[in-house]
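Everything on this sheet refers to the single structure shown next.
Lettering of chains follows the sequences in order, A, B, ..., and the numbering in each one begins at 1.
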2 protein chains.
Amino acid sequence: MDAVPPDQGPEEFGPAHADSVHADSAAGGRRGDTRARIQQVALELFAEHGYERTSLREIAERLGVTKAALYYHFKSKEDIVRSFTEDYFTRLDGLIAWGREQPPTAHTAHEILDRYITIVMEGSEVFRFLERNQASLRGSEDGKHRFEQFRPRLNALIEIITGPDAPPRSRVRVAAALFAASTSCMFFTRDTSDEGEPSTAIDRDELRKIVLELADDLTG
Amino acid sequence: MDAVPPDQGPEEFGPAHADSVHADSAAGGRRGDTRARIQQVALELFAEHGYERTSLREIAERLGVTKAALYYHFKSKEDIVRSFTEDYFTRLDGLIAWGREQPPTAHTAHEILDRYITIVMEGSEVFRFLERNQASLRGSEDGKHRFEQFRPRLNALIEIITGPDAPPRSRVRVAAALFAASTSCMFFTRDTSDEGEPSTAIDRDELRKIVLELADDLTG
DNA sequence: GTCTATAGACGGATAGAC
DNA sequence: GTCTATCCGTCTATAGAC
């Protein structure tokens with residue numbers, strides 16, 4: 001608890017609809033919003049090389065500043081992570097809350113899958129980070145927010161779609177739909193990092209359509 | 001500390017403080033095969049807490065030995081990883097090789113999915129480790145060879161099933177089948193670590209059947 | 001085969017000048 | 001808002017005794 005500089009409370013990252021994590025990665029200009037640049041670079045490096053393997057020194061170097069500067073904007077390394085995962089989970093929670101108020105129809109199931117895919121695709125970089133750093137996030141003994149956030153949320157979505165006490169087959173198929181959707185989106189979306197890859201990437205809109213259809217098939 | 005008597009009956013470890021060296025398949029004694037015990041404990045901890053967050057000291061402690069002892073059996077930390085991932089990838093390569101010699105029929109597709117699921121389920125602990133440490137493995141000099149080849153291997157399996165130059169929709173659906181199968185198996189299989197979980201686990205044989213059916217639906 | 005001891009490096013985080 | 005300097009912890013890995 002010291003003089004908290006700018007704003008460390010509620011994130012001004014882009015609640016609900018902002019794609020704040022963009023800009024050029026090539027150490028270009030972009031004076032002014034250092035905090036956002038830190039988030040962007042950190043997210044990129046964490047997703048590519050891993051959370052633990054990426055040191056604050058590395059992030060600072062890439063930005064042309066020093067480690068100490070990062071501590072002006074974030075109180076710790078984990079705090080940087082929280083800054084860009086918060087919004088993602090908030091959106092997921094929003095979807096869950098919405099789903100719980102809907103009637104348990106097939107149309108609701110379709111809508112949930114649709115919205116879920118939207119969330120994943122819009123926060124693809126964050127999702128990639130979460131997916132690739134599961135082990136690190138689990139061990140994170142922050143106390144504040146245990147990162148066992150995946151399972152509970154997935155189970156929530158599954159139950160909303162299948163209804164309570166659904167047979168194993170239904171639960172597995174719905175879970176598979178969610179997994180297949182998100183993972184496929186990652187696999188066929190161009191990675192920010194992997195630059196010299198064969199690139200099996202597929203057009204976003206087409207991919208979205210294919211994935212949604214596939215998820216529907218699984219739940220139907 | 002831990003003044004470990006230089007001479008303790010080779011039968012029991014942890015003189016006065018064995019902590020929790022539980023875990024250990026039945027069948028015979030654990031004596032003699034320290035190397036295997038190291039692999040087992042390391043795999044478990046790497047999967048649960050993450051590769052980087054798990055120190056050799058931690059592994060050694062759990063086994064009732066010292067770090068130095070580990071270096072007698074493995075030449076480095078990464079070498080431990082290699083020791084238990086090697087077999088997994090070899091099996092995947094075997095499947096790919098086998099698949100390439102088969103006629104491109106629907107039956108072959110089914111067989112590949114079936115065998116793939118078998119490999120994943122039998123090496124579930126290793127798969128879990130790989131899945132949760134993707135980022136770490138990517139950044140690793142040694143791991144790059146391993147995990148960065150997860151993509152190529154997946155692509156290989158996809159191409160075998162869809163045939164060359166298949167349309168995006170087919171490729172995505174087959175990829176989804178593979179992802180859904182493996183990830184679902186993990187999700188509904190009791191985690192070696194998570195002990196106090198709600199446990200949404202499902203019987204192995206039943207799970208296997210459900211997952212295979214689902215994968216077939218996706219590729220069919 | 002296992003231990004003690006330690007080298008050697010690097011990480012996160014803080015203090016205080018400017 | 002950023003920097004220099006530094007503290008302190010932990011880690012991998014090695015050397016050499018038993």
Side-chain angles (χ1 to χ4, degrees), chain A residues 1-8 27 29-39 41-42 45-46 49-83 136 139-142, chain B residues 1-18 21 29-39 41-42 45-46 49-83 135-136 139-143:
Chain A
M1 308 351 191
D2 342 275
V4 181
D7 178 21
Q8 307 237 13
R30 199 57 90 263
R31 283 293 99 71
D33 208 352
T34 301
R35 187 184 155 92
R37 289 169 64 222
I38 293 173
Q39 290 177 313
V41 169
L45 291 177
F46 288 166
H49 304 305
Y51 176 72
E52 333 273 353
R53 295 181 84 97
T54 302
S55 66
L56 294 180
R57 178 189 55 73
E58 203 177 339
I59 295 171
E61 247 167 35
R62 189 114 141 194
L63 288 168
V65 297
T66 61
K67 277 194 296 176
L70 305 187
Y71 281 94
Y72 172 78
H73 298 279
F74 299 93
K75 78 178 210 296
S76 70
K77 192 183 181 186
E78 287 206 342
D79 191 43
I80 299 177
V81 170
R82 160 166 354 165
S83 79
S136 297
S140 175
E141 189 188 333
D142 199 328
Chain B
M1 299 300 122
D2 299 55
V4 181
D7 219 305
Q8 246 283 341
E11 293 313 296
E12 293 289 64
F13 32 73
H17 149 71
V21 196
R30 26 165 152 267
R31 251 320 70 142
D33 211 354
T34 300
R35 190 185 152 91
R37 290 170 63 224
I38 293 172
Q39 290 177 312
V41 170
L45 291 177
F46 288 166
H49 304 304
Y51 176 72
E52 336 269 354
R53 295 179 89 100
T54 303
S55 66
L56 295 180
R57 177 188 54 73
E58 202 177 340
I59 295 171
E61 245 166 36
R62 188 115 145 196
L63 287 169
V65 297
T66 61
K67 279 189 298 174
L70 305 186
Y71 281 95
Y72 173 79
H73 298 280
F74 299 93
K75 77 178 213 294
S76 70
K77 192 183 180 185
E78 288 209 338
D79 191 41
I80 299 178
V81 170
R82 162 172 330 174
S83 78
S136 297
S140 141
E141 195 71 29
D142 225 35

Taking only the side-chain nitrogens and oxygens of [X], find out if one of them lies under 4.0 Å from OP1 or OP2 of [N].
X	N	result
B/Y72	C/dT2	no
A/T34	D/dG1	no
A/S55	C/dG11	yes

Taking the side chain as everything from C-beta on, heavy atoms only, tell me whether A/E78 gets closer than 4.5 Å to A/R82. no
Looking only at non-hydrogen atoms, find the nearest pair between A/G50 and B/A135 and report the distance. CA-CB, 3.3 Å
Atom [atom1] of [X] to atom [atom2] of [N]: distance rounded to whole Å?
X	N	atom1	atom2	value
B/R57	D/dT10	CZ	C1'	8 Å
B/R53	C/dG12	CZ	P	11 Å
A/L63	D/dC3	CG	C1'	15 Å
B/Y71	D/dA13	OH	C1'	5 Å
A/K75	C/dG12	NZ	C1'	13 Å
A/E52	C/dC10	CD	C1'	14 Å
A/F74	C/dT14	CZ	P	15 Å
B/L56	C/dC3	CG	C1'	16 Å

Going through the checks in order, is the side chain to side chain contact (heavy atoms under 4.5 Å, CB included) test met by B/I38 and B/I80? CA-CA 8 Å; B/I38 293 172; B/I80 299 178; 4.2 Å; yes
Looking at the side chain of B/A69, which of C/dC3, D/dC3, C/dG12 is the nearest nucleotide? C/dC3
N/O donor-acceptor pair under 3.5 Å between B/K77 side chain and B/Y51 backbone: yes
Checking only heavy atoms, does the side chain of A/K77 share a donor-acceptor pair with the base of C/dG11 at less than 3.5 Å? no
